[in-house]
Every structure is written in structure tokens, then in C-alpha cells.
Amino acid sequence: MNKYTVLLADDEEEVIQIIIKKIDWDGLGFSVIGYANNGVKALEMIEEFQPDVVMTDIRMPYMDGIELAGHIKADFPATRVLFFTGFDEFEYAKEAVHLEVEEYVLKPVNSTELSGVFSQLKVKLDKEISEKRNVEVLQKYYMESLPLLQAEFYASLIEGRIEECELQKYLEDYQLSLPGPFFCCLVIHTSSEQVPENINPVLLSASVQKQANERLAEKWDAKCFSYLNNTILMAQLKSESEVPELTDECDRFCKYALRIIGAVVTIGIGKVCNKLAGMQQSYKSAREAVSYRAIYGTSRSINMKEIIPQKTAHPVISNDVVLSNLFKAIRVGSEEDVAKAARQYMCQIIFPKNSLQQHHIYIMELISTLYNFSVNIDIGMEDFPGNINELYTSLLDTGPDALREWLERTSLSLREKLITARNKSTKSFVNQAVEYVHNNYADEELSLDSVCSELGVSNSYFSTIFKKETGKPFISYLTDYRMDKAVEMLVGTNEKSYIIAKNTGYTDPNYFSYVFKRRFGVSPSKYRTEHTGNDK
């Protein structure tokens, strides 16, 4: 039996405790994961736990139930909302309908009535998940593939097999509309190893494609198709500034897929191009972004532009599979992976039975390719062992063992330089964010969205890196910094609490007091009295 999570929100502690104690939640197939006494706290808990159901009062401090339901509908559409309140005005009821609220229950809450509401909701949730996991439905969808000609066109486009001058004719012949003006390729990878019990991995991947088509393709006017065991979306954007929003939405989709159908999904987001002919490079960078799940984790979106060091150029993509494996190991592998890939390259490419002339060509090609690769990841050849001007001459006369050692040493050096560059890039924008907070903490509009907009990165990537570097979520860091500044003003000035609240970014003095007491355990006035003896 599926058990669903419930979050309760009401500023009356007594009401919440009655609901928790008088309802047989376990028997109904639900569990209460927690409760909040205001809308702001409820939204924080929703973002952290993503409950299946939120049962909220309408009248609450700081953020009422109507506003809370609006946030849920926008950012967590799979979460069901129930209203319970002592105010039954018609306008509230109309707004609840507009927000697609599941039920509208009046206080005082009757346990029998409320149990009936959750029993009916359980049936609806079970049916929804059953439909998503029904093997017959998945099998039927899997057999209904895109028309053959369109699928072939999409595959040819990302492979770079269609000349730009031929694109318009293909679009007309296959009745396709791709106006752009900007395009971005998404690679949606579904793990074939981590799958729910009794679910065929192929059918699970088909279900993910169906959900991606419904939840992502429509909004971004994207073309969805299968390619090399992944789902590919060719998204159309109005401007490049939409990429952070696209990244965040993909991140939410990955978490939704894990929670609803049990699929471990990673989405790689490629570089943006302004013409269809550029989709080949966009696809290659999206596919490379997916490979970074070994570093950044699964069940999330990874934007290639965000994870490479700043000021990098386009990656060198070798046609040689073995050399490509070496570059991949340098980017995302361990030291052992790099050494192994270097040895494989030397064994399979450099020392088959070649003529001396062919051997010299391979050596020069290797040096040139390594040089281009280093430039494209913003690392100069001056970091290599030896002088670049002497490499061509010296390596042509180097024996197999010494050449192998040089390639391993150079490849490991590149890996270290790339890690250092990536870390510097990450710390750079985290430092920028911290400095931005220090300079703008008094701005009531300062938020995660405004900082990410200032830096030009997605919320999901920024949140992950910021917490990793500082040890705190961004909102917690901002709140703590504002509270520290508030303490300085309380102890060092005679300003009224409402002035200090405004000077630290809080327009509502009551909410400022609530946050302050949550941090320090006492009200601002009592804190001032305890530390200065002045209660003004």
C-alpha cells in the first residue's frame, strides 16, 4: 500500500495537535511529516520535503494560505492542497477553485469528515500512480513512437548529417515548425541500474519520456525523441536569459520522476545556439554534461555552461574513440582512470605496426591535440613538463616507455589544473554571492532568485555549490547575516526595533521579531536589555 506524506500549516498549535492525534493517519495511508505555524515556514518545509499533501489554514501570519497555495501550484504542481479555516467567505472559496485546491474544510474540524476527505484523496493518488506505473500503459506508449521520418530527421540533426542549406526543405517536407530563435539540446538519462522492483528498465525509460513530453516539451515548445537509450529534447527559447529557468525546471522534473515513478533521472543541458545547424554542438555538450553526474550526483539537472571553468572555449572532440576516452578521464575521472586511459591510447594507437613516418605523424598529432585541448580548458602549455618548442623534436626520438610516462604525467597535470580551475571558478561566484549579500542585505527584495539573476546561473546549481562551499543553504546564510547585523544595531545604537527591522531587509517588524527570536531565543527588546541594560 502506498503511504503519502502530509504537511500541516496553521498558526493555532492546538488545532494542529487535535488533527494529528484524532486522525488515524497510518490507517488512512498517510503520515504527517511535520507542521508549520506560518506560511513562510510552511513553504520552507515544502521546498525541503516536497510532501504529497499540504493541509493549510487560510489566515496565517507572514504568508496566508492563498499565497502559499499559489507558490505550491507554480513550483510543486504534483502536491495536493487542502484548505481548512474558520472563514468561509465566498471570495476565498472562489480563489481556492482558481488554485485547483483539492478540498475546502471549515473549522472546527470534524475527525470523521476529515478522515473521509483523506480516504477519497488516497484513492485519487493511488489511481494516479497506478496509471503511471501500469505496465500495460507503458508498453502501449513504448510502441507508439514518433513518425519514422521525423525521428530520423531529429537524429540526423544532432549528428550533424544535414547541411544547413537543406534544413528548410526537411522542415517543409516533414511538416515541422522550429522557429527558435534560440535552441538548446537536453539529454535526459534514466538509470537502468536503479529501478523500482518488477519494473522493466526499458518501460521505465519510456515512462520518463512520456512525463518529459508532458511536463517539459509543451512549455519549451520542444521536440522529444529517443536516441542512444536516452530521451532528447530540442528546446526552443526566446532568449539566452531563459536558460537558468530551464535548468531549474529540469531539476524539479528529476526530483518529480524519482518521487512519483521511482526513476533516477539526470538531465544534461547543452550550450545555446541561434540556429538549427548548431544543434550538433549543443547535443555534444549536453551529453558531456550528463557524464558529470559522477561528480555532481544524479536526480538533478546539470548545465554544461555552469560546471566548466570560466573563460573556457569549446571542448575538443576527437574522432578517435580512445583519445576521447583519455580526455573524458581527464575531465571527470580519477587519477587511476587517467593513467589507464593514457596507457590504452599508447598501446592501441601509437604502437601498432606502423611505418616510421606514420609513427612521427601520430606523435605530432598527439601533441597538437593536447595543445588544443589545454587551450580550450584555459590551461596553457607552459604548465606542461618541458618546453613546447622542444616537444616536437624530443618526443619524436623518445622510446615507448619514456613517451608513455610523459603522456601519463602530462594528462595527470592537466587533470589537476582543470580541478584547480573549476574550484577557483566555483569559489569565485560564491564569493561574489557573499559580497552581494554583504552589500545588499538591507534590500527587502534580496532573494535567491535575485542573486542567481545577478550571477547569471540557475537556482539549482547555485544552491548546490553555495551550500557545499559555505556549509549553509543560501536563505539560511542571508538570514544569519541579517540577524548578525541586527544584533550589532541593537547593541551599538538606540534605534527602535522597527527601524532595525527595515535596515536589515524586513518590512514586517512582527516577522523580524519572529525570525530574531527563532535565532536567539529571545525578542529583540529583551536581547538589547540583557546585553546593554537599555530596553529602548
Side-chain angles (χ1 to χ4, degrees), residues 158 180-189 216 220 222 230 232-254 266-298 300-317 327-328 330-332 372-379 417-433 448-449 451-466 468-469 474:
I158 65 174
F182 293 92
F183 306 92
C184 181
C185 190
L186 314 180
V187 174
I188 303 177
H189 173 79
L216 296 176
W220 299 99
N230 290 320
I232 311 299
L233 258 64
M234 296 193 303
Q236 302 183 76
L237 311 176
K238 295 183 177 66
S239 69
E240 292 187 75
S241 64
E242 291 183 321
V243 175
E245 180 185 354
L246 173 62
T247 303
D248 285 335
E249 192 157 342
C250 289
D251 199 73
R252 287 194 290 269
F253 175 81
C254 292
T266 307
I267 300 181
I269 300 173
K271 71 171 188 176
V272 177
C273 53
N274 58 6
K275 54 185 179 180
L276 277 175
M279 286 304 297
Q280 180 189 18
Q281 290 301 320
S282 185
Y283 167 70
K284 287 181 178 179
S285 58
R287 187 177 61 184
E288 184 175 6
V290 167
S291 70
Y292 274 80
R293 65 187 183 276
I295 295 176
Y296 292 97
T298 57
R300 59 163 298 162
S301 63
I302 302 175
N303 188 330
M304 194 61 203
K305 184 179 179 181
E306 294 178 338
I307 63 176
I308 59 177
Q310 296 177 3
K311 300 181 181 179
T312 59
H314 308 310
V316 175
I317 307 295
F327 290 158
K328 181 179 179 181
I330 292 172
R331 285 185 180 276
V332 300
N372 289 331
F373 178 80
S374 68
V375 169
N376 287 342
I377 59 175
D378 205 32
I379 297 173
K417 297 295 181 182
L418 186 57
I419 290 174
T420 301
R422 188 182 295 133
N423 289 339
K424 286 182 179 178
S425 177
T426 296
K427 291 179 180 178
S428 174
F429 89 71
V430 170
N431 290 337
Q432 290 178 48
L448 175 63
D449 288 338
V451 171
C452 290
S453 177
E454 178 72 16
L455 297 177
V457 298
S458 66
N459 291 17
S460 58
Y461 176 73
F462 174 84
S463 297
T464 300
I465 297 302
F466 189 92
K468 179 181 178 182
E469 289 295 324
F474 174 77

- Trace of the side chain to side chain contact (heavy atoms under 4.5 Å, CB included) decision for Glu249 with Leu216: CA-CA 8 Å; Glu249 192 157 342; Leu216 296 176; 3.9 Å; yes
For [X] and [Y], work out which heavy atoms get closest and say how close.
| X | Y | value |
| --- | --- | --- |
| Ala222 | Ala235 | CB-CA, 3.7 Å |
| Pro181 | Leu237 | CD-O, 3.3 Å |
| Ala433 | Val451 | CB-CG1, 4.0 Å |

- Check: Ser301 side chain, Thr247 main-chain N or O, donor-acceptor pair, under 3.5 Å: yes
- Do the side chain of Ser285 and the main chain of Lys271 share a donor and acceptor less than 3.5 angstrom apart? yes
- Going through the distances and angles, do Thr464 and Arg300 end up as a side chain to side chain contact (heavy atoms under 4.5 Å, CB included)? CA-CA 10 Å; Thr464 300; Arg300 59 163 298 162; 3.4 Å; yes
- Item | From CA spacing to verdict: side chain to side chain contact (heavy atoms under 4.5 Å, CB included), Cys254, Thr266 | CA-CA 6 Å; Cys254 292; Thr266 307; 5.7 Å; no
Heavy atoms, side chains only, cut-off 4.5 Å: are [X] and [Y] in contact?
| X | Y | answer |
| --- | --- | --- |
| Cys250 | Leu246 | yes |
| Ile232 | Ile188 | no |
| Phe183 | Gln236 | yes |
| Ser463 | Leu448 | yes |
| Ile267 | Val187 | no |
| Glu245 | Trp220 | yes |

Nearest-0.5 Å distance, [atom1] of residue [X] to [atom2] of residue [Y]:
| X | Y | atom1 | atom2 | answer |
| --- | --- | --- | --- | --- |
| Ile158 | Gln280 | CD1 | CD | 9.5 Å |
| Phe466 | Cys452 | CZ | SG | 10.0 Å |
| Arg252 | Asn459 | CZ | CG | 8.0 Å |
| Asn230 | Arg287 | CG | CZ | 9.5 Å |
| Met279 | Cys273 | CE | SG | 5.5 Å |
| Gln432 | Leu455 | CD | CG | 5.5 Å |

- Message: Working note: Cys184 + Leu186, criterion side chain to side chain contact (heavy atoms under 4.5 Å, CB included); need CA distance, chi angles, decisive distance, verdict.
- Response: CA-CA 7 Å; Cys184 181; Leu186 314 180; 4.2 Å; yes
